[in-house]
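Quick caveat: nothing in here was measured; it's all calculated off a predicted structure. In what follows, chains are A, B, ... by sequence order, proteins preceding strands, each numbered from 1.
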Protein chains: 2
Amino acid sequence: MPDSKPPGSPRRSDTTRTAILDAARERFAADGYERATIRAIARDASIDPSMVMRYYGSKEGLFAAAVAVDLKLPDLTALPREEIGRALVTHFLDMWEENEVLTALLRVGVTNEAGAERMQGIFRDQLLPVARTVCPDPEQVPARAALCSTQLLGLALTRYVLRFPPVVTLPREEAVAWLAPTVQRYLTAPHP
Amino acid sequence: MPDSKPPGSPRRSDTTRTAILDAARERFAADGYERATIRAIARDASIDPSMVMRYYGSKEGLFAAAVAVDLKLPDLTALPREEIGRALVTHFLDMWEENEVLTALLRVGVTNEAGAERMQGIFRDQLLPVARTVCPDPEQVPARAALCSTQLLGLALTRYVLRFPPVVTLPREEAVAWLAPTVQRYLTAPHP
DNA sequence: AGCCAATGTCAACGCTTGTTGGCCTACATA
DNA sequence: TATGTAGGCCAACAAGCGTTGACATTGGCT
């Protein structure tokens, strides 16, 4: 049996495997699911396309392995209540600029069901619990977290994917200054 | 010369042409650019794929013909100043639910350069002038209009494309109630 | 009726895609 | 040093793609 996986043991092929994942993330982020071909990814990683199949089974499997997102959301309870909006927006900008994985996920999620579900899962499993720690009424938590995601993903969409010039030009600090009160309100303001 | 086009004259093939455009919009909206194949569109329209080529030249040409958006933005100067946020949000929801063309444009724009430029052009040519009529400082108009587009497109993205359950579930009136103040502030509040 | 262009059908082209299996190479272990 | 196995490359497959050109059919015109 090739490729049994005693979970901690390093394999001789690990450099190739991560080269494939890196190339895959880059291509998915730049091109989306369909146009990111296995052949192009393999070319970027300087290996044969069949290696991708050997290590990740299929294109879907490669995508699943390449796009694993940890938003690393900070503990908002340690902050003064009126600063959580600003903290969230800056943190999201950090995450988005740290690497390409979020851009990849967004580009893919728009045309690929599996990608959409994964994006959905990330916001459900990571943003929702954080929202729970700051929202007054537990019943409103999903809606309030969802509202935050509309604004945050809208910024990412126009800034990093569609690249609307005025949004790209907008200095980071100014974007934060404008969006922070919005997110703050979605999380903490009384239901309108 | 086949297909000269005296602009007003109806052609015998007009029913076929609009059938193609309808099917194209539907497929682009559901699948994005790559997965919306000419063959599938032709099948939906019950015609031969070669007719698509005859009438629209290429897939790019078909897309250009199928996705023409008029946001039909209302005259905001006729409104009390504090209601323009709500008016804009409701109008955008109307537009988005009226037909599939905006969803098609968003799905395509995320992975297709031409689509992204078209989306960009729509907001530049249609939203910007409206913003000019309500913004205090002309110099801030592009940034403020862009901020509005981040929130409006973020809502459309999560509600109509990624279909985040809490956003889909959110009653229309509630979405308006939450977003209206945001848009209102982006357009009219003093620079933070 | 007879012509001609517009409309539609059919089959094929060249190309790219994801995916597969066979084969060679190199290393870790015995 | 011998050997088994993981790593890697190559060539090929079937399917699907956008696109093309040759051919049949229709319908409005004189």
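With no hydrogens or angles considered, no side-chain donor-acceptor pair links B:Thr182 and A:Gln151 at under 3.5 Å.
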What string of B, S and - do you get for nucleotides 19-26 of chain D, 5' to 3', if B is base contact, S is sugar-phosphate-only contact and - is no contact with any protein heavy atom under 4.0 Å? SBB-----
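Distance CD1 (B:Ile20) to C1' (C:dT9): 14 Å, rounded to an integer number of Å. Rounded to whole angstrom, the span from the OH atom of A:Tyr55 across to the P atom of D:dA6 amounts to 10 Å. Per the geometry, CZ belonging to A:Arg11 stands 16 Å off C1' belonging to C:dC27, to the nearest Å. When the C1' atom of D:dC17 is taken as reference, atom CZ of B:Arg27 falls 14 Å away, rounded to whole Å. Following rounding to the nearest Å, A:Arg17 (CZ) and D:dG7 (P) show an atom-to-atom distance of 6 Å. Protein atom CD1 of B:Ile41 is 12 Å distant from nucleotide atom C1' of D:dG18, rounded to whole Å. In this structure, CD1 of A:Ile47 is placed 7 Å from P of D:dC9, rounded to the nearest angstrom. Between the CG atom of A:Asp14 and the C1' atom of D:dA6 there is a distance of 12 Å, given to the nearest Å.
The closest side-chain heavy-atom distance from B:Cys135 to B:Thr188 is not below 4.5 Å. With contacts defined as side-chain heavy-atom distances shorter than 4.5 Å, the pair A:Tyr33/B:Glu34 does not qualify.
Side-chain nitrogen and oxygen atoms of A:Thr16 include at least one within less than 4.0 Å of the OP1 or OP2 phosphate oxygen of D:dG8.
Of the charged side-chain nitrogens involved, at least one lies within less than 4.0 Å of a carboxylate oxygen, so that A:Asp94 and A:Arg172 count as a salt-bridged pair. For A:Glu173 and A:Arg86, the salt-bridge test passes: some basic side-chain N is under 4.0 Å from an acidic carboxylate O.
Listed for the B:Arg107 side chain is a donor-acceptor partner under 3.5 Å among the backbone atoms of A:Val110.
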